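Structure record follows, encoded as structure tokens.
Since the structure is predicted, the reported quantities are computational estimates derived from the model, not experimental observations.
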Amino acid sequence: MTECKSQRRLLNLAGFSVDATQPLALFKEVETETTFPLWLNLDDVIAVTVEMIANRLPGRGEKRDILDYLLEAKNMMVSDITIDGVAETGYSSRIIFDGISGSFSINVEIVTALLAAVRFKMPVNVAESALASSALIDQREFATFADNDPATLKDILDKLNPEDMGKYPM
């Protein structure tokens, strides 16, 4: 079952964090500066973090592997990466390929989807249901915060939901 485009957000993988013992991926919506967390397991976070670091190493962009050659031979490209589901029951993800012979999708583990997003430098199409099951962080509230402004600090604290206290590292 697929969701229509209006029930999805195109987000960039921004990084990772850990809340107590539960790691999470942080996705950022460029226009609104809003960050959305998706809960992951530690193995997935480690694998994607290593790939993100490796992609920043000099000379990494010139290296090709068997997947590059296969996509080239079949005249195909990765056209979309999607994440569906909810945090409580787990996420499902797909990678969609397009080529001259048509398009197809494969269901993959979330770590594979995130690795593809890093590798192909693509945003991820995340379902609203997945985002709704995780709390969101509006970075705009914190962007102009000054340590010596008690009124701003009070305003931020007043807006905090008590259920969210302790969810994110300080």
Side-chain angles (χ1 to χ4, degrees), residues 1-57 60-61 67-68 71 76-98 103-145 156 159-161 163-170:
M1 176 168 68
T2 60
E3 295 186 46
C4 70
K5 285 273 190 197
S6 64
Q7 294 176 313
R8 299 183 165 280
R9 291 182 192 238
L10 205 55
L11 304 171
N12 292 312
L13 182 59
F16 298 92
S17 187
V18 178
D19 172 27
T21 60
Q22 181 70 41
L24 50 103
L26 299 173
F27 291 88
K28 185 167 281 231
E29 191 172 50
V30 177
E31 301 86 35
T32 63
E33 290 287 319
T34 303
T35 302
F36 296 91
L38 289 183
W39 306 103
L40 300 175
N41 69 47
L42 187 57
D43 294 340
D44 294 347
V45 169
I46 291 170
V48 178
T49 302
V50 167
E51 184 66 20
M52 289 176 87
I53 292 168
N55 273 346
R56 293 191 174 144
L57 295 175
R60 169 70 176 186
L67 180 59
D68 294 316
L71 290 174
M76 301 206 80
M77 60 180 264
V78 174
S79 62
D80 199 8
I81 301 167
T82 65
I83 296 176
D84 295 298
V86 294
E88 295 81 23
T89 58
Y91 304 110
S92 61
S93 39
R94 283 186 315 279
I95 300 176
I96 295 96
F97 298 87
D98 282 332
S103 67
F104 69 95
S105 68
I106 55 173
N107 294 328
V108 295
E109 297 288 327
I110 192 167
V111 66
T112 304
L114 295 177
L115 287 169
V118 171
R119 175 176 183 169
F120 295 106
K121 297 173 179 57
M122 294 179 64
V124 180
N125 211 339
V126 184
E128 289 287 347
S129 59
L131 297 174
S133 69
S134 295
L136 62 88
I137 308 164
D138 189 346
Q139 297 294 331
R140 290 178 296 175
E141 289 184 29
F142 301 98
T144 59
F145 174 71
I156 291 170
K159 290 180 183 178
L160 285 176
N161 181 348
E163 294 172 1
D164 293 337
M165 297 298 280
K167 272 191 177 179
Y168 305 102
M170 298 301 279

Is the closest side-chain heavy-atom distance between [X] and [Y] below 4.5 Å?
X	Y	answer
Arg9	Phe36	yes
Asn125	Ile96	no
Asp68	Arg119	yes
Phe27	Leu114	yes
Pro37	Leu26	yes
Val48	Leu115	yes

To the nearest 0.5 Å, atom CG of Leu11 lies from atom OG1 of Thr35 at 9.5 Å

CG of Asp80 to CG of Leu10, rounded to nearest 0.5 Å, is 7.5 Å

Which pairs of donor and acceptor atoms, one on a side chain in residues 104-112, lie under 3.5 Å apart (sequence neighbours left out)?
none

* Asked: Are Arg8 and Asp84 within salt-bridge range, i.e. N to O under 4.0 Å?
  -> yes

Specify the closest pair of heavy atoms between [X] and [Y], including all atoms of both residues, with the distance to one decimal.
X	Y	result
Ala25	Leu13	CB-CD1, 4.0 Å
Pro123	Asn12	CB-OD1, 3.4 Å
Tyr91	Trp39	CE1-O, 3.2 Å
Ala14	Lys28	CB-CB, 4.1 Å

Is there a side chain to side chain contact (heavy atoms under 4.5 Å, CB included) between Phe97 and Leu71? Walk through the geometry before answering. CA-CA 9 Å; Phe97 298 87; Leu71 290 174; 3.8 Å; yes

ring-ring contact (aromatic ring centres under 6.0 Å, His included) filter on Phe120, not counting sequence neighbours, yields none

Query raised in the report: Are the side chain of Ser129 and the backbone of Val86 linked by a donor-acceptor contact shorter than 3.5 Å?
Result: no

